[in-house]
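Throughout, numbering of the chain's residues begins at 1 and tracks the sequence. Worth saying up front: this structure is predicted, and the values here are computed from it rather than measured.
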Amino acid sequence: DANALWGGRFEAGPSAVMEAINASVDIDKRLAGEDIAGSMAHAEMLAHCGVISSEDAASILKGLKQVRSEIGEGTFAWSRALEDVHMNVESRLKEIIGAPAGRLHTGRSRNDQVATDFRLWLRTACDRIDGALAAYQSALVEQAERHADTVMPGFTHLQTAQPVSLGHHLLCYAEAAERDRGRFADARRRMNESPLGAAALAGTAFPIDREMTARALGFDRPMANSLDAVSARDFALEALAAASIAAVNLSRFAEEIVIWTSRRFAFARLSDAWSTGSSIMPQKRNPDAAELVRAKPGRIAGSLHGLLMVVKGLPLAYSKDLQEDKAPVFQAIDDLELALAAMAGMAADLTFDTANLEAAAGEAYSDATDLADWLVRELGMPFRDAHHVAGSAVKAAEAKGLPLSQLPLGDYQTIEPRIDDRLYSVLSARASMESRTSYGGTAPVRVKEQVARWRKRLEGQ
Ligand code: ARG
């Protein structure tokens with residue numbers, strides 16, 4: 001038995017494998033809400049333009065509302081034989097209202113319909129992700145405020161470099177999240193054009209009003225080229241690119257949580273709520289959530305690459321290949337939302353061992369730059385010479401197993417006779433952090449200004 005919606009020229013139904021490879025409903029039923037909204041806007045427009053009667057439009061709207069509640073209540077019977085969400089909805093509409101259902105598809109095709117549904121879905125996802133990024137930023141800012149004065153070792157090459165404020169370190173991730181928000185906002189702005197009414201690929205001879213459906217669905221305008229409307233998927237690629245970059249940014253903090261909570265570092269601790277145990281080692285507390293966030297870019301960038309390969313080289317306009325666009329997008333968005341929730345949760349949950357952080361900040365000659373800077377400031381030495389003198393002091397201190405702050409003045413004066421005991425005032429992790437007051441620097445006064453700026457930015461979000 002041939003397909004009831006497109007089977008006019010067919011005598012037999014599809015083979016079982018044909019049906020299996022063709023059906024997308026298990027995945028695209030997530031578009032049901034958007035599909036019904038699109039159909040409602042289309043039906044109202046058709047009636048407004050006199051393409052269908054207002055009685056038929058009213059009956060279509062009533063029927064679509066019933067379909068919507070059946071789906072909402074979970075009583076809707078999804079059918080794989082009906083291929084996709086669009087034909088499932090339309091065929092149920094026909095069961096409910098009869099003949100007028102057949103007029104809904106006037107002047108449209110599943111090609112513009114699916115592009116419309118998908119843009120609507122992804123637009124809402126962008127808004128949710130913006131909110132989730134803002135929540136993650138708030139958790140970071142909260143901790144940054146608490147720890148503006150907490151000194152920790154800053155690293156380059158994962159080697160102790162210079163002391164920094166823990167608050168400063170955390171706000172670095174808030175900055176990255178802000179750029180992620182910008183990328184999603186850009187993607188949202190470009191995707192917010194309506195494909196509806198492009199029909200199969202060429203537009204339609206019916207006197208439709210695409211401005212009206214675009215407006216009804218919250219799009220900024222109808223897409224100007226019908227071929228572009230049904231074939232473009234760069235809007236999805238762009239969102240996946242934004243998601244991939246956001247996931248990569250999250251993975252870097254996730255990795256630091258793994259490092260910081262390791263016993264070797266012992267900078268921070270996650271509560272029981274964010275830790276897991278081992279089935280063999282009774283003592284273990286593992287940061288599984290952080291590790292899984294660290295892994296998410298593998299899946300999310302995988303989705304981006306998957307869809308890039310689907311779209312690559314496709315001739316215009318629509319090809320069924322494009323049906324494979326939904327799964328990677330749904331998976332990437334689901335993954336990113338979960339990762340964001342986990343990172344916001346862990347950012348808020350972390351408790352820091354401030355004494356250990358301060359002790360670590362003072363290790364490994366992290367104040368050597370401060371020594372060199374003092375020579376430049378107080379003795380007028382060129383920085384390159386001062387760097388050399390400070391290097392000799394590190395060498396002398398290392399030989400005696402002492403930090404720079406405990407190397408006797410006599411030893412300093414052997415290297416550079418003009419050094420006096422005022423030097424010692426700059427030789428501590430805290431003094432080092434507090435001295436770096438340049439704009440964007442790590443001094444707590446600067447960090448507190450940034451916290452205030454973030455508070456204002458995130459107000460009411
Ligand atoms: N399920 C299809 C998709 O996701 C809808 C469009 C089908 N169009 C077609 N000409 N068969 O792409």
Between Glu256 and His169, is any side-chain donor less than 3.5 angstrom from a side-chain acceptor?
yes
Would a distance-only check, ignoring hydrogens and angles, find a side-chain to backbone donor-acceptor pair under 3.5 Å from Glu83 to Val25?
no
With a 3.5 Å distance limit and no angle check, can you tell me whether Asp209 reaches the backbone of Met212 through a side-chain donor-acceptor pair?
yes
May I have the step-by-step check of side-chain contact (heavy atoms from CB on, under 4.5 Å) for Leu379 and Trp374, ending in yes or no?
CA-CA 8 Å; Leu379 305 183; Trp374 186 89; 4.3 Å; yes
Are a donor atom and an acceptor atom from the side chains of Arg436 and Ser432 found within less than 3.5 Å of each other?
yes
Which salt bridge (charged side-chain N to carboxylate O under 4.0 Å, His left out) pairs, counting each pair once, include a residue from residues 343-366, with sequence neighbours left out?
Glu358-Arg430
For the ring pair Tyr136 and Tyr173, is the centre-to-centre distance below 6.0 Å?
no
Any non-hydrogen side-chain atom of Gln159 less than 4.5 Å from a side-chain atom of Phe155?
no
With a sphere of 6.0 Å drawn around CD1 of Ile21, does it hold more than 12 non-hydrogen atoms of other residues, nucleotides or ligands?
no
Main-chain N/O of Asp228 paired to Asn225 side chain as donor or acceptor, under 3.5 Å
yes
Heavy-atom check, side chain of Glu291 versus side chain of Val258, under 4.5 Å:
yes
Quick one: CG on Leu404 to OH on Tyr424, what's the gap to the nearest 0.5 Å?
9.5 Å
Can you measure from CG (Leu61) to CE (Met40) and round to the nearest 0.5 angstrom?
6.0 Å
Assess whether salt bridge (Lys or Arg N to Asp or Glu O under 4.0 Å) is satisfied between Glu398 and Lys395, documenting all intermediate values.
CA-CA 5 Å; Glu398 210 164 28; Lys395 196 171 160 203; over 6 Å; no
Ignoring hydrogens and angles, tell me if any N or O in the side chain of Asp84 forms a donor-acceptor pair with the backbone of Met87 under 3.5 Å.
yes
Run the numbers on Arg183 and Asp186 for salt bridge (Lys or Arg N to Asp or Glu O under 4.0 Å), then give the verdict.
CA-CA 5 Å; Arg183 276 181 279 272; Asp186 284 348; over 6 Å; no
Are Gln323 and Ser24 close enough that a side-chain donor and a side-chain acceptor fall under 3.5 Å?
yes
Just checking, any donor-acceptor pair under 3.5 angstrom between side chains of His168 and Ser165?
no
Leu171 side chain near Val141 side chain, heavy-atom distance below 4.5 Å:
yes
Going from CG on Asp370 to OG on Ser405, what distance comes out if it is rounded to the nearest 0.5 angstrom?
11.5 Å
Find out whether Leu350 and Arg269 are in side-chain contact, i.e. whether some heavy atom of one side chain is under 4.5 Å from a heavy atom of the other.
no
Set out, in order, the CA-CA distance, both residues' side-chain angles and the distance that settles side-chain contact (heavy atoms from CB on, under 4.5 Å) for Met152 and His147, then state yes or no.
CA-CA 10 Å; Met152 69 177 285; His147 290 291; over 6 Å; no
Ser271 side chain vs Ala273 backbone, donor-acceptor pair below 3.5 Å
yes
Hey, are Asn192 and Arg119 close enough side-chain-wise for a donor-acceptor pair under 3.5 Å?
no
After noting the C-alpha distance and the side-chain angles of Thr369 and Gln162, does the key distance pass the side-chain hydrogen bond (donor to acceptor under 3.5 Å, both in side chains) rule?
CA-CA 8 Å; Thr369 316; Gln162 293 174 343; 3.0 Å; yes
Look only at the side chain of Ser251 and the backbone of Arg294, and say whether a donor-acceptor pair between them is shorter than 3.5 Å.
no
Distance check, rounded to the nearest 0.5 Å: Glu238 atom CD versus Leu122 atom CG?
10.0 Å
With side-chain contact (heavy atoms from CB on, under 4.5 Å) as the test, would you mind laying out the steps for Ile71 and Ile36 before giving the verdict?
CA-CA 11 Å; Ile71 292 172; Ile36 290 169; 4.1 Å; yes
Heavy-atom closest pair (Met191 atom, Arg123 atom, distance to 0.1 Å) is SD-N, 3.7 Å
Sorted by chain and number, sequence neighbours left out, ring-ring contact (aromatic ring centres under 6.0 Å, His included) with Phe219 holds for none
Checking side-chain polar atoms at under 3.5 Å, does Arg453 have a donor or acceptor matched by the opposite partner on Gln450?
yes
Evaluate Asp234 against Val311 for side-chain contact (heavy atoms from CB on, under 4.5 Å), listing each step before the verdict.
CA-CA 9 Å; Asp234 51 333; Val311 177; over 6 Å; no
Within the side chain of Asn356, is there an N or O that forms a donor-acceptor pair under 3.5 Å with the backbone of Ala266?
yes
Exam field: side chain Arg285 to backbone Leu270, donor-acceptor pair closer than 3.5 Å
yes
In terms of ring plane angle, is the pair Phe267 and Trp260 parallel, tilted or perpendicular, where the classes change at 30° and 60°?
tilted
Under 3.5 Å, side chain of Thr116 to main-chain N/O of Leu196, donor-acceptor pair present?
yes
Presence of salt bridge, Lys326 and Asp28, under 4.0 angstrom
no
Is there a side-chain contact between Val89 and Leu64 in this structure, where contact means two heavy atoms from C-beta onward sitting under 4.5 Å apart?
yes
Residue set satisfying ring-ring contact (aromatic ring centres under 6.0 Å, His included) with Phe184, at least two apart, ordered chain then number -> none
Is Lys320 atom NZ crowded by more than 12 heavy atoms from other residues, nucleotides or ligands, each under 6.0 Å away?
yes
Does atom CZ (Arg190) have a neighbourhood of more than 12 heavy atoms from anything else shown, all under 6.0 Å?
yes
Contact check, side chains of Val293 and Phe253, non-hydrogen atoms, under 4.5 Å:
no
Selection residues 141-165 - residue pairs positive for salt bridge (charged side-chain N to carboxylate O under 4.0 Å, His left out), sequence neighbours left out:
Glu142-Arg455, Glu145-Arg455, Asp149-Lys448
Without hydrogens or angle criteria, can the side chains of Arg181 and Gln137 be said to hold a donor-acceptor pair below 3.5 Å?
yes
I'd like to know if the side chain of Asp112 and the backbone of Val230 have a donor-acceptor N/O pair within less than 3.5 Å.
no
Between Asp35 and His86: side-chain donor-acceptor atoms closer than 3.5 Å:
yes
By ring-ring contact (aromatic ring centres under 6.0 Å, His included), Trp121 pairs with (sequence neighbours left out) Phe330
In short, salt bridge (charged side-chain N to carboxylate O under 4.0 Å, His left out) pairs touching residues 404-420 with sequence neighbours left out are Lys400-Asp411, Glu416-Arg418, Asp420-Arg422
Is there a side-chain contact between Ile333 and Arg128, using heavy atoms and a 4.5 Å cut-off?
yes
Any idea which heavy atoms bring Ala339 and Lys296 closest together, and the distance?
CB-CG, 4.1 Å
Rounding to 0.5 Å, atoms OG (Ser303) and CG (Asp335) come to a distance of 7.0 Å
Rounded to the nearest 0.5 Å, how far does CD1 of Ile419 lie from CG of Leu407?
9.0 Å
Is Leu371 close to Val426 at the side-chain level, that is, under 4.5 Å between some pair of heavy atoms?
no
